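Treat the numbers as computed from the prediction; the structure is a model and nothing was measured.
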Amino acid sequence: MDEHPVDPGAFLNDIEGHLLIAAAHAEGRTAAARFTARLDWLTEGQRAEVEREFEAEYLALTRRSWQRTAERGRQLRDEYEEAYRRLRQRAFAYCLLGCALLAATGLVAFALT
């Protein structure tokens with residue numbers, strides 16, 4: 001067996017990534033074939049070249065789209081983490097204030113008795 005333990009989450013993410021890339025390749029090839037089917041004046045060599053270029057451009061656009069989506073996800077995560085941190089700090093401050101008020105009320109009640 002391998003000396004390094006396999007992280008199941010990372011392993012599944014890798015598989016998902018490979019499946020997404022394979023699907024993008026298939027979509028690119030399908031879109032390229034649809035596009036060149038309308039260009040009946042192309043020779044087979046020209047058709048193959050146009051399909052290769054079309055697929056490459058399709059994959060480049062897909063990659064940029066995924067990168068923008070990932071970047072926006074990171075931005076949103078950072079924004080939500082900051083909002084959660086501020087909320088947690090306010091909740092902690094209110095709890096401390098509540099405890100201080102209870103302690104003060106208890107001291108006043110004790111002093112009056």
Side-chain angles (χ1 to χ4, degrees):
M1 296 281 327
D2 192 3
E3 297 172 7
H4 304 287
V6 175
D7 178 17
F11 181 68
L12 290 175
N13 285 339
D14 285 346
I15 290 173
E16 183 181 20
H18 289 291
L19 291 174
L20 284 172
I21 291 169
H25 276 281
E27 289 170 1
R29 280 191 297 276
T30 301
R34 253 192 337 263
F35 177 73
T36 58
R38 295 179 294 195
L39 306 175
D40 56 353
W41 47 268
L42 290 175
T43 66
E44 285 304 312
Q46 291 171 330
R47 184 178 312 278
E49 180 62 25
V50 169
E51 286 180 2
R52 278 192 298 275
E53 290 295 323
F54 190 102
E55 182 183 352
E57 186 62 26
Y58 183 91
L59 291 174
L61 288 170
T62 301
R63 174 174 276 126
R64 286 194 298 271
S65 174
W66 289 347
Q67 288 169 341
R68 283 191 305 271
T69 301
E71 178 58 32
R72 184 62 182 140
R74 285 188 288 275
Q75 290 171 352
L76 287 173
R77 183 187 61 227
D78 292 344
E79 290 172 17
Y80 283 118
E81 284 176 352
E82 178 61 24
Y84 179 70
R85 186 185 61 75
R86 285 194 313 268
L87 179 64
R88 207 174 51 212
Q89 287 174 341
R90 281 199 316 260
F92 182 68
Y94 288 140
C95 284
L96 284 178
L97 180 63
C99 289
L101 287 173
L102 281 174
T105 304
L107 287 175
V108 169
F110 181 72
L112 292 177
T113 59

Single-linkage hydrophobic cluster, 4.5 Å side-chain cutoff, F54 and W41 together = yes
Exercise: identify the closest heavy-atom pair between R47 and L42 | NH2-O, 3.6 Å
Take Q67 and R63, measure what side chain to side chain contact (heavy atoms under 4.5 Å, CB included) needs, and give me the verdict at the end.
-> CA-CA 6 Å; Q67 288 169 341; R63 174 174 276 126; 3.7 Å; yes
Pairwise distance CD(E71) to CG(L76) - rounded to 0.5 angstrom = 10.0 Å
For residues R52 and E55, determine if any side-chain heavy atom of one lies less than 4.5 Å from a side-chain heavy atom of the other.
-> no
Looking only at heavy atoms, which two atoms of V6 and P8 are closest? And how far apart?
-> O-CD, 3.2 Å
Taking it one step at a time, do E81 and R85 satisfy salt bridge (charged side-chain N to carboxylate O under 4.0 Å, His left out)?
-> CA-CA 6 Å; E81 284 176 352; R85 186 185 61 75; over 6 Å; no
Side chain to side chain contact (heavy atoms under 4.5 Å, CB included) evaluation trace for T30 with Y58 = CA-CA 11 Å; T30 301; Y58 183 91; over 6 Å; no
Separation of R74 CZ from D78 CG (nearest 0.5 Å) | 9.0 Å
Hey, mind stepping through R72 and R68 against side chain to side chain contact (heavy atoms under 4.5 Å, CB included) and telling me if it holds?
-> CA-CA 6 Å; R72 184 62 182 140; R68 283 191 305 271; over 6 Å; no
Least distance between heavy atoms, A24 atom then T62 atom | CB-CG2, 4.1 Å
Rounded to the nearest 0.5 Å, how far does CG of L97 lie from CZ of F92?
-> 12.0 Å
With a 3.5 Å cut-off and sequence neighbours excluded, list the donor-acceptor pairs that the side chains of residues 10-19 form with protein atoms.
residue	atom	partner	partner atom	Å
N13	ND2	G9	O	3.4

Rounded to the nearest 0.5 Å, what separation is found between the CD atom of E49 and the OG1 atom of T36?
-> 12.0 Å
